[in-house]
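The block underneath contains the structure these notes are about, expressed in structure tokens.
Just so it is clear: chains get the letters A, B, ... in the order the sequence lines come, proteins before strands, and each one is counted from 1. Here the structure is a predicted model, which means the values were calculated and not measured.
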There are 4 protein chains.
Amino acid sequence: MARITGSNGGRTAEAIRRAAIRLIHRQGFAAMNLRELAAEVGIQPGSLYNHIETKQGLLFELMREHMQDLLSAMEAALAAAPDEPMAQLRAFLAQHVLYHLERKQEVYIANFELRALEPANAEPILAMRREYEDRLIGLLEAGARAGELQVADARIAAYALLAMLTGVCTWYRPGGRLGPEEIVAQHLELALSGVSGAGLGQRAPDISAGGSAPIERMRSIPAGGRTPG
Amino acid sequence: MARITGSNGGRTAEAIRRAAIRLIHRQGFAAMNLRELAAEVGIQPGSLYNHIETKQGLLFELMREHMQDLLSAMEAALAAAPDEPMAQLRAFLAQHVLYHLERKQEVYIANFELRALEPANAEPILAMRREYEDRLIGLLEAGARAGELQVADARIAAYALLAMLTGVCTWYRPGGRLGPEEIVAQHLELALSGVSGAGLGQRAPDISAGGSAPIERMRSIPAGGRTPG
Amino acid sequence: MARITGSNGGRTAEAIRRAAIRLIHRQGFAAMNLRELAAEVGIQPGSLYNHIETKQGLLFELMREHMQDLLSAMEAALAAAPDEPMAQLRAFLAQHVLYHLERKQEVYIANFELRALEPANAEPILAMRREYEDRLIGLLEAGARAGELQVADARIAAYALLAMLTGVCTWYRPGGRLGPEEIVAQHLELALSGVSGAGLGQRAPDISAGGSAPIERMRSIPAGGRTPG
Amino acid sequence: MARITGSNGGRTAEAIRRAAIRLIHRQGFAAMNLRELAAEVGIQPGSLYNHIETKQGLLFELMREHMQDLLSAMEAALAAAPDEPMAQLRAFLAQHVLYHLERKQEVYIANFELRALEPANAEPILAMRREYEDRLIGLLEAGARAGELQVADARIAAYALLAMLTGVCTWYRPGGRLGPEEIVAQHLELALSGVSGAGLGQRAPDISAGGSAPIERMRSIPAGGRTPG
DNA sequence: CATGAATGAGACTTCATTCAT
DNA sequence: AATGAATGAAGTCTCATTCAT
């Protein structure tokens, strides 16, 4: 596709990373082949090896960078929020949704290609993932201790929330009907108050009576997983 | 692994389906190869073709059967519940979680291997999936019209709920600390009332103060993509 | 080259072995490629893998079979000879030359492709090779103890003799001027009595005065190759 | 291994030659790759081409230099010896063994990588090799004519002697139990008188009765081929 | 219904070599 | 004289699939 002629040096490496993210997201790591990746970048398959170690190594690098960025973004968000349980929780959830809207392909890959990592490579990625989850669990427990949250089981609640919020990756498309802020707001409400809506606050007006006000239909794989962009 | 030697006749076909579900779930469709599948069943690769049409055809069959079962289960659950919005919604959500607990491998495959289907095969599967989603959207809208739900956007809410509830596939293991009923109950609460817990009803006692009461940590691949990052 | 059409089953495996011996002998293991090998056999490259495990595995099998045959032939020769030092020594040397005339390609491979074996594969081959050498060393020592041989160092002498006798592989071609028996006889003389010819016995008449009576010139690999197995 | 960083100028060319000899000897020409060679020298693969023409050209150069040196050494040895058949023969054989002890890697390459030379490059090398062999054949014939040698066939005898004496390359290691002079002496005896020891002269005392007085066992690939140094 | 062997395409990766900088 | 990136060919091996037995 996009032939980047004259691409030299460091540009090629970046082009490979970007094309790889696109292709892995679209087809899955196992189904992506290096011929295709090279063609996207505009070089010969063998030339990839000036920039990557192996196909497996490429996946690992992509996932590592992604997890580091995610952790950094999360820490920054928490640092910027008031130091009290509910504010911290809201900050965590909001940044999670935002990050997932902005980098949904990387997110998708990080979620679904863990099984494609060799055990030695999976280990550090899993460690970072646990660090992220444990942060949320800690916030939920703090909120519960403060009497501001009702969580029967913090771990289950954390997993459920993350699954819900991560779900936006499966249908969001930039430039769609809803802007990021609105999507973030609605998910915060759902996370905190559920659909029954005994919410805590600034709830958006209920527009459901007027029809489902559809976002684009999920073309492919709604929840969990599937699709791409 | 489990070599079923001497498996003859009709049993072979069933053994193939089961092994395929296991392998696709574990490795993904593209990464599964028919050598491996045949070995699991205890036959030679060529012999698979007495029972399947192609690798692609096998995937399609598995997904079609799964979607039919899911739709049947959902219809049966709704038929068995009182015909009023909240009861119907609870019935839908509860059966969804239950079904996902019981058949998490098929669910996973159905969610994440859609991209592996050839377009002609994807179409009927997508149609069934839409039928399922639309049922939930309808219930949410009915609840909103009846004034019992607060949903800003029924479609977004439906996707978010499905993502959350489908997430159980990624960590649930039969025989774990929590039984299916409890998991269903907690997720119903989260879906209806969120973590802030301004719930509507039979809420389980808050045990979070006593620590996170952990389920087993997701050991491998949270799968489906759960959260992560 | 020689396309063996309709070659099925067991015949293919044998054809592969033979072609591999020919090609490895001609080009070396590293320089032989499986495309070429497959073409010689008349099948597709991938089809080789119905009969071999890997390229490396093929080499190992060839060498193992060769060494086993060599050891068997040696033991048989010794068993058939009178049980006294010089007769045993003569039997060993004669069978060595004969075996090397008849299977010079395998011998060559066994000598020169040891370095191409992975360490784990080299080990058992080396063990067999030592067994063979030690037999000769033992015979030389026995002859010396009996006062029938003059060897300053049995190991050095053994290596030197094996190198000399193995050398026939480098120039011998069936159907040449000299028959196997004559070649064996001359080498026995050289081994036992050297060129100065203070021999022990049935020495062939000296024909060197009449010109060098050339065998074919060594086309490829002259001396170099020392001993075999 | 030995990275010679900052190797500049003319030194690089020499470093390449030395590293190439080491690598070709260890692995064979086909199995050696230029990446590895460059790494040994401490430069990038592309930089090799400032010093060599091609991989093939490098091999040819190494072999040509070696053969020229060998021929020179032989001529010098003959010139320094008394001009009578047996003295000339002894001089030839002694210098052959000595040269092979001192430059066994080059010798090995010259013997076994002839097949890796393109025909056009092989031709001049083969011519030099024939020149060397013919010298020995001439000496054997002269000795026979003088009645001092018993050779049934001078060419066969020459090949057998060269094979035997060249064999030292396969097990000799500098600093081992036996010094070069002793190795030369023993091989002269074996060449002239064989193991039966009806020798002509200054024979070393027979020490074989006291056990085999072993040199180090050939650790790796004794013979023919394999190993390096 | 199972097998064993074959196919043909294609996968990842290596490698000698070139060339602008 | 060295570098880093590119090439293009080729190498080993895998895989879905076919088919005679």
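Atom CG of C:L37 is separated from atom P of E:dA6 by 13 Å (rounded to the nearest Å). Put simply, CD1 on D:I43 is 6 Å from P on F:dA2, counting in whole angstrom units. Here F:dC13 presents its C1' atom at 12 Å from CG of C:N50, a figure rounded to the nearest Å. Here F:dA2 presents its C1' atom at 11 Å from CD1 of D:I16, a figure rounded to the nearest Å. Going from atom CG of C:L48 over to atom P of E:dT7 covers 10 Å, rounded to whole Å. Atoms CD (A:Q44) and P (F:dA10) sit 14 Å apart, rounded to a whole Å.
Minimum interatomic distance between C:L117 and C:A122 (heavy atoms only, all atoms of both residues): CD1-CA, 3.8 Å.
Judged by distance alone, the side chain of B:E113 and the main-chain N or O of B:F29 form a donor-acceptor pair under 3.5 Å. Panel note: side chain D:Q56, backbone D:E118; a donor-acceptor pair is recorded below 3.5 Å.
Applying the salt bridge (Lys or Arg N to Asp or Glu O under 4.0 Å) criterion to C:R35, with sequence neighbours excluded, gives no partner residue. With sequence neighbours excluded, the residues forming a salt bridge (Lys or Arg N to Asp or Glu O under 4.0 Å) with B:E61 are B:R64, listed by chain and number. In this structure, the salt bridge (Lys or Arg N to Asp or Glu O under 4.0 Å) partners of A:E65, at least two apart in sequence or on a different chain, are A:R17. Checked against side-chain contact (heavy atoms from CB on, under 4.5 Å), B:Q27 has the following partners two or more places apart in sequence or in another chain: B:L23, B:A31, B:M32, B:E36.
Counting only heavy atoms from C-beta outward, the side chains of B:I21 and B:H66 never approach each other to under 4.5 Å.
One finds no side-chain N or O of C:H51 lying less than 4.0 angstrom from the OP1 or OP2 phosphate oxygen of E:dG4. A sub-4.0 Å separation between OP1 or OP2 of E:dA2 and a side-chain N or O of B:T12 is present.
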| field | Dot-bracket encoding per residue of DNA chain E, Watson-Crick/G-U cut-off under 3.5 Å, | denoting interstrand | value | .||||||||||||||||||||

| message | At under 4.0 Å between heavy atoms, how does the protein contact nucleotides 14-21 of chain E? Give one character per nucleotide, 5' to 3', with B, S or -. | response | BBSBB---

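The aromatic rings of D:F112 and C:F112 sit tilted relative to each other, their planes meeting at an angle between 30° and 60°.
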